[in-house]
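Read the structure below first, then the notes.
Scope of the values below: all heavy atoms of this structure, side chains included, with no hydrogens, waters or symmetry mates. Order of appearance sets the numbers: ligands from 1, and atoms from 1 within every ligand.
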Amino acid sequence: MNNNINILQTDILSNNWYILKKVTYEYRMKDGSVQVQQREAYDRGNGAAILLYNTNQQTIILTRQFRLPTYINGNETGMLIEVCAGLLDADNPEDCIRRETEEETGYKVSEVKKVYEVYMSPGSVTEKLYLFIAAYEPQMKINDGGGLEHEQENIEVLELPFEKAFQMIPTGEIQDAKTIMLLQYLRLNSIL
Ligand SMILES: Nc1nc2c(ncn2[C@@H]2O[C@H](COP(=O)(O)OP(=O)(O)O[C@H]3O[C@H](CO)[C@@H](O)[C@H](O)[C@@H]3O)[C@@H](O)[C@H]2O)c(=O)[nH]1
Ligand SMILES: [Mg+2]
C-alpha cells in the first residue's frame with residue numbers, strides 16, 4: 001500500500017493474448033501537490049525460469065527458440081538462447097518451473113532452489129520472474145523436451161560446458177537477462 005498513489009481508472013487497451021492496460025492515477029509529490037499521471041502496463045502474469053547444472057560434468061542446460069519481439073528489434077535471426085522458462089498460469093512458481101523443465105528440456109529434476117525474484121522491465125511490464133537453479137544428472141532425462149506442440153513451441157535443448165556459456169555473454173551470443181543473471185549466480189556462488 002502506498003498512500004501517495006490513488007488509482008483513478010484502469011482502461012483495457014488490448015485484451016487479445018495478454019492484457020495491455022492504461023492506468024490513470026494521482027501521484028502525491030514530495031511537496032504535497034498531487035499530479036494526475038497515466039502509464040501503460042503490459043500484464044502477462046508472472047513467470048519462472050531455471051538454470052540446470054551438473055557439477056561433475058561442469059555443464060548446464062539452455063534452450064534456443066525464436067523470439068518474435070527480439071526479431072523485430074534487431075536480432076537478425078530472432079533465435080535466442082535462454083534458460084528454460086515459462087509463465088505461471090495457475091501454478092505456484094515451483095510447480096510451474098518443474099512442469100516447464102519437463103516440457104522444455106525433458107529433465108525431471110528433484111531439488112529446485114529459488115535464488116531471485118526480479119522485475120525484468122518495471123517501466124512497462126508487470127511481470128515478476130522467479131529464478132531457480134537445480135542440479136541435473138543424465139539419468140533424469142525422461143523425454144526429448146522441446147516444448148508443447150499445440151503451443152507451437154519449437155525449443156532446441158542445448159547442453160553446454162559452463163565455461164563456454166559464460167564466455168558467450170561478452171561475445172553477445174547470450175543476450176537474455178535472466179540467463180545472464182543465473183549464469184553469474186553459479187559463478188558468484190562458486191557452484192560451477
Ligand atoms: N498464439 C499466441 N501465442 C503466444 C503469444 N504470446 C505467447 N504465446 C505463446 O505462449 C506460450 C508461452 O510459453 P511459456 O513457456 O509458458 O512462456 P515463455 O514464453 O517461455 O515465457 C518465459 O520467458 C519469457 C521471456 O524471457 C518470460 O518473460 C516469461 O516470464 C517466461 O519466463 C509460448 O508457446 C508462446 O509462443 C501470442 O501473442 N499469441
Ligand atoms: Mg518457455
Side-chain angles (χ1 to χ4, degrees), residues 12-22 39-53 60-109 112-134 136 140-160 165-166 168-169 172-186:
I12 306 295
L13 300 182
S14 170
N15 186 0
N16 184 40
W17 190 261
Y18 302 119
I19 303 172
L20 179 62
K21 298 173 179 171
K22 182 173 80 178
R39 293 289 183 274
E40 292 181 10
Y42 191 43
D43 184 349
R44 55 199 303 274
N46 294 325
I50 192 164
L51 180 55
L52 305 184
Y53 66 92
I60 51 153
I61 301 290
L62 296 175
T63 65
R64 178 158 48 207
Q65 63 190 299
F66 178 70
R67 290 294 198 182
L68 183 274
T70 73
Y71 187 65
I72 60 177
N73 189 27
N75 179 12
E76 258 175 40
T77 62
M79 302 303 289
L80 209 68
I81 296 175
E82 296 173 56
V83 288
C84 162
L87 299 171
L88 298 192
D89 303 324
D91 287 341
N92 65 51
E94 188 173 322
D95 290 345
C96 164
I97 207 57
R98 287 179 184 284
R99 184 197 66 222
E100 290 292 334
T101 303
E102 264 185 61
E103 286 175 6
E104 294 191 357
T105 72
Y107 285 91
K108 191 177 181 70
V109 289
V112 301
K113 178 182 175 188
K114 192 189 79 184
V115 297
Y116 298 131
E117 293 183 17
V118 294
Y119 292 103
M120 299 298 282
S121 279
S124 56
V125 180
T126 62
E127 179 181 65
K128 180 189 262 192
L129 259 185
Y130 297 82
L131 301 186
F132 291 85
I133 58 170
Y136 78 96
M140 291 176 177
K141 183 106 174 152
I142 57 164
N143 65 58
D144 287 341
L148 298 179
E149 208 151 299
H150 69 265
E151 285 190 3
Q152 299 176 309
E153 289 184 312
N154 294 293
I155 298 171
E156 199 184 328
V157 182
L158 310 174
E159 183 171 43
L160 294 175
F166 204 63
M168 290 164 80
I169 302 172
E173 291 161 278
I174 291 180
Q175 294 196 323
D176 177 61
K178 62 185 179 295
T179 306
I180 295 172
M181 292 165 71
L182 283 170
L183 288 170
Q184 290 179 339
Y185 180 90
L186 289 189

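The residue among Gly45, Cys84, Ala85, Pro69 with a heavy atom at the shortest distance from atom 22 (C) of ligand 1 is Ala85. Closest to atom 21 (O) of ligand 1 by heavy atom, among Gln65, Glu82, Arg67, Glu100, is Arg67. For atom 27 (C) of ligand 1, the nearest non-hydrogen atom from the set Glu103, Lys128, Arg99, Glu127 comes from Glu127.
By the 4.5 Å heavy-atom criterion applied to side chains, Phe66 and Asn154 are not counted as neighbours. Counting only heavy atoms from C-beta outward, the side chains of Leu186 and Ile60 approach each other to under 4.5 Å. Looking only at side-chain heavy atoms (C-beta outward), Ile97 and Tyr130 stay at 4.5 Å or farther from each other. Side-chain contact between Leu131 and Glu117 is absent, with no heavy atoms from C-beta onward closer than 4.5 Å. Looking only at side-chain heavy atoms (C-beta outward), Ile142 and Glu102 come within less than 4.5 Å of each other. In this structure the side chain of Leu51 never reaches within 4.5 angstrom of the side chain of Val115, judged on heavy atoms.
Each of Leu160, Leu183, Val83, Leu80 was checked for a side-chain contact (heavy atoms from CB on, under 4.5 Å) with Ile174, and the lone residue meeting it is Leu183.
In terms of N/O distances under 3.5 Å, ligand 1 is approached by Leu87. At least one N or O atom of Trp17, backbone or side chain, sits closer than 3.5 Å to an N or O atom of ligand 1.
Residue Glu104 approaches ligand 1 through these ligand atoms, each under 4.0 Å from one of its heavy atoms: 15 (O). Heavy-atom contacts of Gly47 reach the following atoms of ligand 1: 30 (O) (cutoff under 4.0 Å). Within ligand 1, the atoms closer than 4.0 Å to a non-hydrogen atom of Ala48 are 32 (O), numbered from 1 in the order shown.
Not a single N, O or S atom of Leu87, from either the backbone or the side chain, sits less than 2.8 Å from the Mg ion (ligand 2).
Considering only non-hydrogen protein atoms, atom 11 (C) of ligand 1 sits nearest to Glu151 OE1, 3.7 Å. Counting only heavy atoms of the protein, atom 13 (O) of ligand 1 lies nearest to Glu153 OE2, 3.2 Å. Ranking the protein heavy atoms by distance from atom 14 (P) of ligand 1 puts Gly86 CA, 3.6 Å first. Of all protein heavy atoms, the one lying nearest to atom 26 (O) of ligand 1 is Lys178 NZ, 2.4 Å.
At a threshold of 4.0 Å, the pair Asp176-Arg67 does not count as salt-bridged, since none of the basic side-chain nitrogens sits closer than that to a carboxylate oxygen. In summary, Glu94 and Arg98 engage in a salt bridge, as defined by a charged side-chain N under 4.0 Å from a carboxylate O.
For Met120, no heavy-atom contact with ligand 1 is shorter than 4.0 Å. Under 4.0 Å from ligand 1, not a single heavy atom of Asn16 appears. At a heavy-atom cutoff of 4.0 Å, ligand 1 is contacted by no atom of Ala49, backbone or side chain.
Taking all atoms of both residues into account, the shortest heavy-atom contact from Phe132 to Ala48 is CE1-CB, 4.1 Å.
Glu127 and Tyr18 form no side-chain donor-acceptor contact under 3.5 Å, judged by distance and modelled atom types alone.
Of all the N, O or S atoms in Glu104, the one closest to the Mg ion (ligand 2) is OE2.
Shown here, atom 35 (C) of ligand 1 is out of close reach of the protein: none of its heavy atoms lies under 4.0 Å off.
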